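Comments concern the structure below.
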Amino acid sequence: MTWTKKQICSFVDLTSLNSYDSVESIKSFLSDALDFEKKNFPVAAVCLFPNFSALAVNELSNSVLKVAVVAGNFPNSQGFLSTKLNECELALEAGVDEVDIVLNLGELDAGNHDHVVDEIKAFKGLMPNKTLKVILETGYLKTAERIRLASELAIQGGADFIKTSTGKEFPGASLEAVEVMAQVIAEQKSGKKVGLKISGGVRTYEDALQYFEVVEKHLGKPFMTPDLLRIGASSLVRNLMNE
Ligand SMILES: O=C[C@H](O)COP(=O)(O)O
């Protein structure tokens, strides 16, 4: 299937996750997101730091755009679990629709797989009816075996989406990583539909088309909807509009 640029935009979590983000810069960012919608290039969601939850929910209150925030000490998932969970709770109280967390890589590497799963279950327990995306950090995991394990643990923990990357400390998404993640999703027998979010370094129409081809190959056309597939990107939409 060929995908138009407008269609690609509808899968995007338009992202601003910069250390220098401010109320003013995020207001401008949200205005851009609304402008894209007006120009018939609507995105699926915005993705921000959790301290901007209330601002985003308010600014987008008359829009169909969803509000996603990162939580749990993004981008490294270190810290006290109680603090990480509290950050998620505050964002949910502010009315966000979706939360993106990072899988606990330290506990994964320590072989504490039950800990990894239980931590994700704790986040999902805060938001049974909202969307939890779990970032695997595939650029750190590197091998298909480790990406497969992380995908399986995240799904066991209740992830609604598995997401490739923070786009921060390690290389972002890769076709190889997305292929492994799509295969794991395809193998799920639980009946729960698990989504896939591709993030980190997706800049051009061609980038997006390559990822969509891999996903559709393993998960089929019914999977190709923003309810199950997202692209986390900070520059892709503007590039698509300007290409
Ligand atoms: O989802 C979040 C990603 O960090 C966005 O990555 P990007 O800045 O490479 O588009």
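These figures come from a predicted structure and were not determined experimentally. Both backbone and side-chain heavy atoms feed into the values below; hydrogens, waters and symmetry mates do not. Note that ligands are numbered from 1 as they come in the structure, with each ligand's atoms numbered from 1 the same way.
Taking only nitrogen or oxygen atoms, main chain and side chain alike, Ser235 does not reach within less than 3.5 Å of ligand 1. Below 3.5 Å of separation, one finds no N or O of Val202 facing any N or O of ligand 1. Polar contact with ligand 1: absent for Lys197 (N/O pair, distance under 3.5 Å).
For atom 2 (C) of ligand 1, the closest heavy atom belonging to the protein is Thr15 CG2, 3.7 Å. Counting protein heavy atoms only, atom 8 (O) of ligand 1 is closest to Ser234 OG, 2.7 Å. In terms of protein heavy-atom proximity, atom 5 (C) of ligand 1 is closest to Gly232 O, 3.5 Å. Atom 4 (O) of ligand 1 has as its closest protein heavy atom Thr166 O, 2.8 Å.
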Derivation of the side chain to side chain donor-acceptor pair (under 3.5 Å) call for Ser61 and Asn58:
CA-CA 5 Å; Ser61 56; Asn58 181 59; 4.9 Å; no
For a side chain to side chain contact (heavy atoms under 4.5 Å, CB included) check, start with the C-alpha distance between Val99 and Lys130, then their side-chain angles and the critical distance, and finish with the verdict.
CA-CA 8 Å; Val99 177; Lys130 299 234 171 149; over 6 Å; no
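In this structure, Ser151 and Val184 approach most closely via the heavy-atom pair CB-CG1, 3.9 Å.
Distance alone, capped at 3.5 Å, places no donor-acceptor pair between the Gln156 side chain and the Val117 backbone. Side chain of Asn242 to backbone of Arg238: a donor-acceptor contact under 3.5 angstrom is found.
Contact of the Thr15 side chain with the Val46 side chain is not registered, since no non-hydrogen atoms from C-beta on lie closer than 4.5 Å.
Heavy atoms of Cys47 stay at 4.0 angstrom or farther from ligand 1. Heavy atoms of Gly172 stay at 4.0 angstrom or farther from ligand 1.
The cationic group of Lys5 lies under 6.0 Å from the six-membered ring centre of Tyr205 and within 45° of the ring axis, placing it in a cation-pi geometry.
Within ligand 1, the atoms closer than 4.0 Å to a non-hydrogen atom of Arg203 are 7 (P), 9 (O), 10 (O), numbered from 1 in the order shown. Counting the atoms of ligand 1 from 1 in the order shown, those under 4.0 Å from a heavy atom of Lys163 are 1 (O).
The salt bridge (charged side-chain N to carboxylate O under 4.0 Å, His left out) test with Asp160 is passed by exactly one of Arg230, Lys133, Lys124: Lys124.
Between Tyr140 and Phe170, the two ring planes are tilted [angle within 30° to 60°].
Using a 4.0 Å cut-off between heavy atoms, Lys168 makes no contact with ligand 1 at all. Contacts with ligand 1 closer than 4.0 Å are made by no heavy atom of Asp100, backbone or side chain.
Of the candidates Gly200, Gly167, Ser165, it is Gly200 that places a heavy atom closest to atom 6 (O) of ligand 1.
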